[in-house]
> 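There's a structure below that I have some questions on.
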Number of protein chains: 2
Amino acid sequence: MHDRPVRHPTIKDVALVAGVSPSTVGRVIGGYGYTSAESQQRVLAAMRQLGYEPNAVARSLKSKRTRTIGYLLPRVTNPFFAQIAEGLQDVASAHGYSVILCSTDMKMERTSEFGRVLLEHRVDGIVLSLPGDDSVFKLAASFTDRGLPVVVCHGSRRIHGVDRVISDHMHGGYLAAKHLINMGHERIGVLAVKGSTTSSLILDGCRKALKDAGVDFPAQLTVEIASFSEDAGCSGARVLLMRGCDPTAIIASNDLIALGALGVLEEAGLNVPADMSVIGFDNTFAAHTRPRLTTIGISTYQAGLIAAQLLLDRIEDNYRGEAREVVLPVELVVRGSVAPPRRGS
Amino acid sequence: MHDRPVRHPTIKDVALVAGVSPSTVGRVIGGYGYTSAESQQRVLAAMRQLGYEPNAVARSLKSKRTRTIGYLLPRVTNPFFAQIAEGLQDVASAHGYSVILCSTDMKMERTSEFGRVLLEHRVDGIVLSLPGDDSVFKLAASFTDRGLPVVVCHGSRRIHGVDRVISDHMHGGYLAAKHLINMGHERIGVLAVKGSTTSSLILDGCRKALKDAGVDFPAQLTVEIASFSEDAGCSGARVLLMRGCDPTAIIASNDLIALGALGVLEEAGLNVPADMSVIGFDNTFAAHTRPRLTTIGISTYQAGLIAAQLLLDRIEDNYRGEAREVVLPVELVVRGSVAPPRRGS
DNA sequence: ATGAAAGCGCTAACAA
DNA sequence: TTGTTAGCGCTTTCAT
């Protein structure tokens with residue numbers, strides 16, 4: 001119980017036990033240089049006997065590489081980012097890298113604090129999934145200035161000189177609107193998050209689909225909401241219902257928002273999809289709602305994998321060209337929240 | 001663009017610019033020993049001028065503390081663990097610690113690999129949220145053997161000499177069953193995960209409530225399922241329906257399982273809660289389903305906070321006594337998936 | 001109040 | 001093939 005930290009055996013201890021010099025031990029462990037079969041056996045035996053674990057800290061000090069990457073995100077509890085994190089981590093650990101989690105809770109102060117810590121820890125690279133306000137640019141600069149590779153994975157706008165993985169949100173918006181139009185809808189409300197690049201791309205997509213179909217899209221049908229949250233979805237849906245523009249369908253900027261809308265519609269005595277169709281976005285919660293949400297599927301896990309890959313390319317110096325941009329395809333996932341509009345409405 | 005890693009300024013560079021010795025710079029940064037106001041000013045100015053960031057790696061090598069903790073969990077994409085992670089990280093970062101995320105995907109091999117990496121990285125402590133099979137004991141021992149503090153946060157059984165934070169699952173089972181009994185239910189099916197301590201505690205709680213009420217609880221009403229997943233919930237619900245024991249309510253071992261059951265019931269043409277009541281467990285998805293799930297609320301975020309606190313106590317040597325166990329209270333969260341059983345059924 | 005110097009554990013250039 | 005040595009950036013003891 002009262003076992004105070006046992007000193008870890010060092011390369012020197014191993015050398016002593018094996019009866020060779022520390023550098024020979026180093027060579028065996030590192031697998032470089034020449035070592036006789038005999039030395040190898042003895043070193044290996046000594047390592048096992050002592051339970052030797054190489055000290056990554058000392059190694060990093062020497063090599064100036066920590067085999068550690070930082071992931072800055074709004075909140076891990078949002079499945080969208082958790083899935084990215086999972087992807088990141090899978091690739092990272094397959095390459096012997098560890099991931100430091102930095103869930104910023106969208107607080108500016110915490111974010112820059114995390115930035116400082118990551119810098120001090122001398123991480124080898126950073127993945128960013130943060131909303132695209134100006135502070136992100138400064139943050140990213142604080143990394144790139146020091147030659148640290150950065151990859152943006154969803155969230156912010158393009159940052160000069162930084163690799164980026166995103167999804168084709170505009171096409172997502174297009175697909176959603178198209179689907180509704182095909183079902184016969186003509187008055188489609190959109191819940192868009194104010195200041196969000198993602199939302200404005202979705203809107204662009206919707207506009208294109210509506211224009212292609214020759215359907216009108218008055219400004220009234222777009223409601224600006226404060227955030228990508230269920231609460232914001234509630235308020236947004238209420239506003240939309242009260243505007244009197246009489247929509248027969250709603251496109252939300254993410255599933256959480258759609259969830260809020262679903263609740264409000266239920267309260268209002270409207271049946272989904274009979275009285276009102278709803279389309280979500282991102283496919284995080286869509287399978288779990290009732291009715292199940294028709295939504296736009298985003299390959300978040302995949303995005304995480306690719307982001308890690310791009311980052312490792314830079315870290316291991318396998319790529320040093322211009323900033324790359326990977327745009328992942330999205331897909332319409334049809335479930336049960338869309339139906340043709342009621343006749344005469 | 002082609003900015004290859006710029007060398008970080010060191011304490012020596014700062015010393016040179018400030019016109020003092022490296023040790024003086026060290027004293028100013030570390031805030032120990034004596035330094036004249038004048039030196040302080042010059043050092044601070046030099047630091048700012050050079051954009052100096054202390055090197056945590058070098059610091060750790062010297063101090064033998066990395067201010068880093070590891071979190072081993074099954075999957076970040078499970079909100080239950082994501083919430084714990086969030087809590088952990090909040091406390092950790094408030095104390096200047098970073099969290100290394102180790103999402104094991106429940107693969108034994110990956111788990112021990114992560115263990116090795118954490119050991120090599122010389123983390124100061126470890127939080128474990130892993131299922132309680134025998135491998136966890138070995139894993140935990142590999143840490144404690146080296147004097148590394150470990151805290152278990154949900155998941156496994158008690159590990160000798162290791163602090164632990166859990167929730168009162170048994171009482172949760174009791175509350176769930178009691179609630180159903182109060183509504184008039186007498187044949188309550190339980191979906192229990194095979195080999196899970198949590199599930200067996202929930203079962204114990206149910207048994208107690210049923211016994212208190214003098215209600216029979218034949219073995220048939222308990223279905224063993226393979227995992228805490230939606231799929232397992234589906235299969236479990238199907239089995240339960242086919243057994244002919246005619247339950248009027250179901251208690252699931254977590255919300256995800258309940259979700260699966262909800263789907264199966266819907267397919268079977270059964271209305272929830274009119275034809276069948278359902279109670280979830282853990283309150284991760286409950287608010288988002290339709291009907292909204294009545295469930296047992298677990299304070300996961302809180303658990304993360306406390307786990308981090310216990311761990312930091314050990315790390316900073318503020319506590320060195322016997323293993324502690326914190327049992328968090330649970331609560332019944334009433335939503336819309338429970339109603340009295342149909343008359344005559 | 002400040003500087004010089006040793007050493008944390010490892011790597012790597014050089015010597016033997 | 002192996003050993004010796006210097007040094008990564010920082011902390012800290014010991015002199016000054």
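Protein chains get the first letters and strands the later ones, always in sequence-line order, with residue 1 at the start of each.
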> Would the base of D/dG3 count as contacting A/Arg27 through its side chain, where contact means a donor and an acceptor less than 3.5 Å apart?
yes

> Determine whether a donor-acceptor pair (one donor, one acceptor, N or O, separation below 3.5 Å) exists between the side chain of A/Arg122 and the base of D/dG9.
no

> In Å and rounded to the nearest 0.5 Å, what is the CZ to CG distance from A/Phe114 to A/Asp105?
9.5 Å

> For B/Glu38 and for A/Pro22, find the nucleotide of DNA chain C with the closest heavy atom, then tell me which residue's nucleotide is more 5'.
B/Glu38

> Measure from the side-chain heavy atoms of B/Val20 and tell me the nearest of C/dA1, D/dT4, C/dG3.
C/dG3

> Tell me if a side-chain donor or acceptor on B/Asp124 pairs with a main-chain N or O of B/Arg67 at a distance below 3.5 Å.
yes

> Tell me: CD1 of B/Ile11 to C1' of C/dG7, nearest whole Å?
15 Å

> Quick one: which of D/dC8, C/dG3, C/dA1 gets closest to the side chain of A/Lys64?
D/dC8

> Can you find a side chain N or O atom of B/Arg59 that sits less than 4.0 Å from OP1 or OP2 on D/dT11?
yes

> Rounded to the Å, how far apart are B/Arg65 CZ and C/dC8 P?
19 Å

> side-chain contact (heavy atoms from CB on, under 4.5 Å) for B/Val14 and B/Val43? Distances and angles first, verdict last.
CA-CA 7 Å; B/Val14 175; B/Val43 169; 4.2 Å; yes

> Between C1' on C/dC8 and NZ on B/Lys62, what's the gap in Å once rounded to a whole number?
6 Å

> Choosing from C/dG3, D/dT11, D/dG3, which nucleotide comes nearest the side chain of A/Ser21?
D/dG3

> Run the side-chain contact (heavy atoms from CB on, under 4.5 Å) check on B/Phe143 and B/Leu119 step by step: do they pass?
CA-CA 8 Å; B/Phe143 301 135; B/Leu119 244 17; 3.7 Å; yes

> For the pair made of OH in A/Tyr32 and P in C/dA13, what is the distance, rounded to whole Å?
9 Å

> Check each of B/Val152, B/Val151, B/Leu128 against B/Arg164 using the side-chain contact (heavy atoms from CB on, under 4.5 Å) test, and report the only one that passes.
B/Val152

> State, to the nearest 10°, the angle formed by the axis through the first five base pairs of the helix from C/dA1-D/dT16 to C/dA16-D/dT1 and the axis through its last five.
50°

> Roughly, in whole Å, what's the span from NE2 in A/His121 to C1' in D/dG9?
16 Å

> Looking at CD of A/Gln309 and CZ of A/Arg324, how far apart are the two atoms once the value is rounded to the nearest 0.5 Å?
9.0 Å

> Could you tell me the separation between the CG atom of A/Asp13 and the C1' atom of C/dC8, rounded to a whole number of Å?
13 Å

> Check every atom of C/dT2, D/dT11, C/dA12 against the side chain of A/Ser23 and return the nucleotide holding the closest atom.
C/dA12

> How many Å lie between CZ on A/Arg67 and P on C/dC10, as a whole number?
16 Å

> Give the rounded distance in Å between these two atoms: NE2 of B/His8 and P of D/dC10.
11 Å

> Please confirm whether the shortest side-chain N or O distance from A/Ser36 to OP1 or OP2 of D/dT2 is below 4.0 Å.
yes

> As a quick check of understanding, evaluate side-chain contact (heavy atoms from CB on, under 4.5 Å) for B/Arg122 and B/Ser60, giving each step before the final call.
CA-CA 9 Å; B/Arg122 300 294 193 261; B/Ser60 296; over 6 Å; no

> Below the 4.0 Å mark, does C/dT2 have OP1 or OP2 next to a side-chain nitrogen or oxygen of B/Ser39?
yes

> Mark yes or no for whether B/Ser156, through its side chain, and B/Pro131, through its backbone, hold a donor-acceptor pair below 3.5 Å.
no

> I'd like to know whether B/Phe137 forms a side-chain contact (heavy atoms from CB on, under 4.5 Å) with B/Arg157, so could you lay out the CA-CA distance, the side-chain angles of the two residues, the decisive distance to 0.1 Å, and finally the verdict.
CA-CA 9 Å; B/Phe137 294 88; B/Arg157 271 172 293 155; 3.8 Å; yes

> Tell me which residues in residues 50-57 of chain A put a heavy atom below 4.0 Å from DNA chain C, sorted by number, or none.
A/Tyr52, A/Pro54, A/Asn55

> Measuring only between side-chain heavy atoms, which start at C-beta, is B/Val150 closer than 4.5 Å to B/Ile159?
no

> Where the side chain of B/Leu61 is concerned, which of D/dC8, C/dG3, C/dC8 is the nearest nucleotide?
C/dC8

> Looking at the side chain of B/Tyr34, which of C/dC10, C/dG3, C/dA1 is the nearest nucleotide?
C/dA1

> Could you check whether A/Ser60 gets within reach of a base, just the sugar-phosphate, or nothing at all, counting any heavy atom under 4.0 Å?
nothing

> If I take atom OG from residue B/Ser112 and atom CZ from residue B/Arg116, how far apart are they, to the nearest 0.5 angstrom?
9.0 Å

